[in-house]
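Below is one structure, written out as structure tokens; the observations come after it.
Predicted model, so just to flag it, every value in this text is computed and none were measured.
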Amino acid sequence: MLGFIYILISTYAGFILTQNMCRSDAGKQSGYVEPINLIWIQIPAAFGVGTLLVTWVLYITAWIFSCCFHQEHPLYAANGLVLSVLLSVCIVHIIFTYRRYHKKECINLRKLFINGDKREILLFAVLFIFSLCMFFYVFFVKDGLLYSGFTVFSDYAPHTAMIRSFSRGNNFPTQYPHFGGEDVKYHFMYQFLVGNLEFLGMRIDLAYNIVSACSLTGFLILLFCLVKRMTGGFLAGVFAMILFFFRSGTAFFQYVAEHIKAGDLWETLNQNSAFIGYTTNENWGFWNFNVYLNQRHLAFGLLIGTFVIWKFLDYMEAGCYPDDSEKVRMQKLFCTREGWMIRKPESALLLGLVLGLTSFWNGAVVIGSLLILAGIAVFSIGKLDFALMAAVSILFSILQSKLFITGSAVSPSVYFGFLADVKTVPGVLVYLFKITGFFFLGLVLAAFQMKRKQRALALGFSMPLFFAFFFSLTPDIAVNHKYIMIAYAFMTIFWAGILEKLFKKKLIGKLAAVLLTICLTATGIYDFVIIIRNNGEYRSLTVELKNDVTDWLCENLSKNDLILTPEYSMNSVTMSGTMLYCGWPYYAWSAGYDTYYRADIGRRIYGGTDREEIKNLVEQEAITYILFEEDVTFEDVECHEETIADLYPLAYTSESGRMRIYKVK
């Protein structure tokens with residue numbers, strides 16, 4: 001119950017902060033196929049901005065209670081203080097609003113919501129239910145077991161460990177559980193939110209899935225509104241939702257052609273349970289809806305980023321100057337006071353704050369949103385508003401990085417070609433065609449038929465795509481796929497407009513729209529079939545929620561303890577939120593940690609027989625506990641328990657007898 005109260009209070013706080021900002025001219029301007037119901041901007045904005053800011057206030061408060069007042073369970077005091085204050089503020093605001101504006105507000109609410117387009121209410125309800133069902137399909141609790149589907153559990157391993165480090169631990173100052181004892185380089189605030197909801201009494205799957213469904217649905221509602229603002233009406237919005245869930249690509253058509261030739265197409269399509277793909281990592285589900293099931297914080301980041309973009313579209317639309325030639329238009333945009341002067345500094349400051357504070361929810365979305373806004377700014381008036389917003393956003397991103405990360409938050413470098421086999425311009429174009437079909441390349445041709453504001457927006461939305469193929473910010477270039485996914489999600493609005501126009505024509509147009517939709521979604525539809533086949537109760541990794549190992553670690557290890565374990569991914573040990581010396585290496589390596597060093601130290605401790613060397617290494621690395629599990633190796637090295645047992649006392653043996661933990665200090 002307290003978890004739901006937290007969400008409601010946060011959302012209402014967001015409503016208070018954003019109610020004036022959501023009154024955009026977009027709902028009034030002419031030229032749209034259908035009017036935009038601004039209640040659908042208000043609701044996602046209230047949830048996103050409220051959750052973002054309230055959770056940051058809660059985190060900072062808990063950090064102060066933990067680090068300054070040395071509270072063992074800082075979330076007790078932090079939640080009590082923050083929720084009490086916010087609840088008081090919300091009650092006062094409700095009373096004040098009712099007494100002064102209740103008649104006007106009730107009329108507006110009826111006009112915007114009750115008397116709005118009933119189709120939209122139905123569509124968004126379906127989207128929420130569908131999202132919620134999918135999130136529960138891949139992550140749920142049954143009979144005391146936590147199920148994580150085969151296509152998602154690898155990503156859930158570090159996420160659940162971080163969640164539990166807050167809900168059952170005291171992770172302040174925050175560390176990365178799979179590489180404890182150092183700073184935290186990975187954006188963790190979404191996991192903190194879920195961890196706090198679990199701390200407040202929500203079961204972990206309820207907390208994770210409900211917030212995820214609200215985030216994804218909120219983003220899709222804003223995407224739907226973007227479609228209506230830029231390219232079409234309700235039908236176009238529906239097409240955009242279809243294109244979002246089911247990606248374009250050539251993999252399915254190539255797969256079908258191969259198995260037609262082999263004569264086993266029907267049998268293979270029915271029995272296959274792996275993602276298909278012919279490019280690097282495509283068979284990981286890199287480009288399909290599985291990404292949103294994996295990376296729950298991506299949708300939340302997109303919700304925030306889309307709201308900021310929505311607000312700045314007012315500047316772009318005002319700078320279209322449809323009656324002027326292109327030359328005159330560019331002169332007005334770059335050589336006049338209107339093209340540069342600050343128009344709404346308070347709005348730019350708040351939007352910069354909101355976007356900047358999203359950095360440790362999903363850093364890729366912040367970078368992607370700034371790139372999109374940079375492209376939009378070129379064709380907008382009030383360019384200094386963009387600059388002010390970007391400066392504030394970057395400032396708060398840097399402040400967070402300085403607070404949480406030792407050294408540089410990123411390792412920027414020029415890296416052309418992304419994962420293309422042939423890193424030339426033709427090679428990149430071929431690669432892009434393989435992973436997205438004619439989705440992006442077709443829009444290049446469609447741009448010649450777009451309106452002025454649509455071309456400007458298309459340029460902005462394409463900026464993350466260009467960034468992905470030219471630059472790298474992390475040791476793992478593969479993480480750049482998020483920028484392509486961001487560009488893809490926004491670009492669906494242009495194909496949606498094209499499909500709606502075709503569908504509104506006579507029979508030939510309708511058939512063309514259906515055929516084009518099939519071509520754009522066939523690969524994604526088959527990917528979705530694989531998601532269904534490869535998850536669920538019988539295709540999941542399971543972990544006991546109530547486990548003696550988990551409970552013992554939570555009760556006996558503090559935030560300053562560091563335990564050496566085998567390179568675990570997701571099990572009863574990681575579900576305690578305990579700081580592992582070296583968990584599964586890929587998670588930490590891709591986040592920027594030196595896993596090779598710790599892997600070598602782990603090999604020498606587990607596989608060593610020299611008592612003095614082991615003792616010196618353990619002391620040097622500040623390891624406080626060492627865990628042994630029967631029949632488990634470390635980096636393919638056989639573990640020798642005898643030496644450790646001679647050096648340190650046995651602190652715990654699991655009920656199964658398979659795990660033993662030795663206390664170093």
Side-chain angles (χ1 to χ4, degrees), residues 16-32 36 38 41-42 45 48-49 52-53 222 225-226 229-230 304-359 365-399 450-464 466-467 490:
I16 296 172
L17 289 168
T18 62
Q19 58 182 332
N20 291 326
M21 296 180 65
C22 290
R23 291 168 185 164
S24 167
D25 292 337
K28 306 173 185 177
Q29 291 179 8
S30 60
Y32 302 137
I36 297 171
L38 295 185
I41 306 299
Q42 180 80 74
V49 174
L52 174 80
L53 297 180
L222 292 180
C225 292
L226 273 176
R229 186 171 183 175
M230 288 294 159
I304 299 295
T306 307
F307 174 62
V308 176
I309 292 168
W310 174 273
K311 287 300 301 175
F312 275 97
L313 289 183
D314 292 349
Y315 295 80
M316 187 197 75
E317 289 180 328
C320 282
Y321 302 118
D323 297 328
D324 293 328
S325 66
E326 195 66 33
K327 180 179 179 181
V328 172
R329 176 196 177 206
M330 297 310 291
Q331 287 176 343
K332 287 184 177 180
L333 288 175
F334 286 95
C335 303
T336 64
R337 186 169 177 268
E338 185 182 32
W340 292 91
M341 70 176 184
I342 292 183
R343 301 167 65 86
K344 298 178 182 178
E346 67 288 344
S347 178
L349 285 170
L350 180 56
L351 291 170
L353 170 67
V354 167
L355 188 59
L357 288 178
T358 310
S359 295
V365 170
V366 175
I367 295 170
S369 298
L370 288 174
L371 289 168
I372 290 170
L373 288 163
I376 293 173
V378 174
F379 302 100
S380 301
I381 62 172
K383 291 181 175 56
L384 290 180
D385 285 58
F386 285 85
L388 178 60
M389 179 279 302
V392 173
S393 178
I394 293 170
L395 173 63
F396 276 91
S397 297
I398 292 173
L399 288 176
M450 291 180 185
K451 297 177 181 178
R452 187 171 278 179
K453 67 177 182 179
Q454 292 173 341
R455 286 198 299 271
L457 190 61
L459 175 65
F461 287 160
S462 67
M463 296 303 288
F466 289 114
F467 183 86
F490 286 118

Quiz item: Is there a donor-acceptor pair closer than 3.5 Å between any side-chain N or O of Arg343 and the backbone N or O of Gly382?
Solution: no
Quiz item: What's the spacing between Ser359 OG and Ile398 CD1 if we round to 0.5 Å?
Solution: 9.5 Å
Quiz item: Looking at Leu350 and Leu17, what are the two nearest heavy atoms and their distance?
Solution: CD2-O, 4.3 Å
Practice problem: Would you confirm whether Arg329, through its side chain, and Tyr321, through its main-chain N or O, come within 3.5 Å as a donor-acceptor pair? | Solution: no
Quiz item: Please walk me through it: do Leu457 and Phe379 pass side chain to side chain contact (heavy atoms under 4.5 Å, CB included)?
Solution: CA-CA 9 Å; Leu457 190 61; Phe379 302 100; over 6 Å; no
Practice problem: Apply the test side chain to side chain contact (heavy atoms under 4.5 Å, CB included) to residues Leu373 and Ile309: give CA-CA distance (whole Å), side-chain angles for both, the deciding distance (0.1 Å), then the verdict. | Solution: CA-CA 7 Å; Leu373 288 163; Ile309 292 168; 4.1 Å; yes
Practice problem: Output all residues satisfying salt bridge (Lys or Arg N to Asp or Glu O under 4.0 Å) with Glu346, sequence neighbours left out; order by chain, then residue number. | Solution: none
Quiz item: Can you tell me how far CZ of Phe490 sits from OG1 of Thr306, rounded to the nearest 0.5 angstrom?
Solution: 3.5 Å
Practice problem: Check whether any side-chain heavy atom of Glu317 sits under 4.5 Å from a side-chain heavy atom of Arg229, and report yes or no. | Solution: yes
Self-check item: Flag, side chain of Glu338 to backbone of Lys332, donor-acceptor distance under 3.5 Å
Solution: no
Practice problem: Can you see which heavy atom on Gln42 is nearest to which on Gln19, and at what distance? | Solution: OE1-CA, 3.5 Å
Quiz item: What is the ring orientation for Phe386 with Tyr315, classed by angle as parallel under 30°, tilted 30 to 60°, or perpendicular over 60°?
Solution: perpendicular
Quiz item: How far does CH2 of Trp340 sit from SG of Cys335, to the nearest 0.5 angstrom?
Solution: 9.5 Å
Quiz prompt | For the student: nearest non-hydrogen atoms of Gly368 and Pro464, plus distance | solution = O-CG, 3.7 Å
Exercise. Indicate the atoms forming the closest heavy-atom contact of Ser369 with Leu355, along with that distance.
Key: CB-CD1, 4.0 Å
Quiz item: Going from CG on Leu38 to SG on Cys225, what distance comes out if it is rounded to the nearest 0.5 angstrom?
Solution: 8.0 Å
Practice problem: Find the distance between CG (Leu351) and CG (Asp385) and round it off to the nearest 0.5 Å. | Solution: 9.5 Å
Quiz item: Which value, rounded to the nearest 0.5 Å, describes the distance between Thr358 atom OG1 and Leu52 atom CG?
Solution: 4.5 Å
Practice problem: List the steps and the verdict of side chain to side chain contact (heavy atoms under 4.5 Å, CB included) for Ile394 and Leu370. | Solution: CA-CA 9 Å; Ile394 293 170; Leu370 288 174; 4.1 Å; yes
Quiz item: Within a strict 4.5 Å, meaning less than it, do heavy atoms of the Met389 and Leu349 side chains meet?
Solution: no
Quiz item: Does any non-hydrogen side-chain atom of Phe467 lie less than 4.5 Å from one of Met463?
Solution: no
Quiz prompt | Greater than 12 external heavy atoms within 6.0 Å of Phe334's CZ | solution = yes
Quiz item: Would a 4.5 Å heavy-atom cut-off, applied to side chains only, mark Leu226 and Leu313 as touching?
Solution: yes
Self-check item: Shortest non-hydrogen separation from Leu459 to Gly375 and the atoms involved
Solution: CD2-O, 4.4 Å
Quiz prompt | Any donor-acceptor pair under 3.5 Å from Lys383 side chain to Leu333 backbone | solution = yes
Practice problem: Compare all side-chain heavy atoms of Leu222 with those of Trp310 and state whether any distance is below 4.5 angstrom. | Solution: no
Exercise. Check the pair Glu326 / Met330 against side chain to side chain contact (heavy atoms under 4.5 Å, CB included), numbers first and verdict last.
Key: CA-CA 6 Å; Glu326 195 66 33; Met330 297 310 291; 3.9 Å; yes
Self-check item: Contact summary for Arg452 and Ser325, nearest pair of heavy atoms
Solution: NH2-C, 4.0 Å
Quiz item: With a 3.5 Å cut-off and no angle check, do the side chains of Thr336 and Gln331 form a donor-acceptor pair?
Solution: no
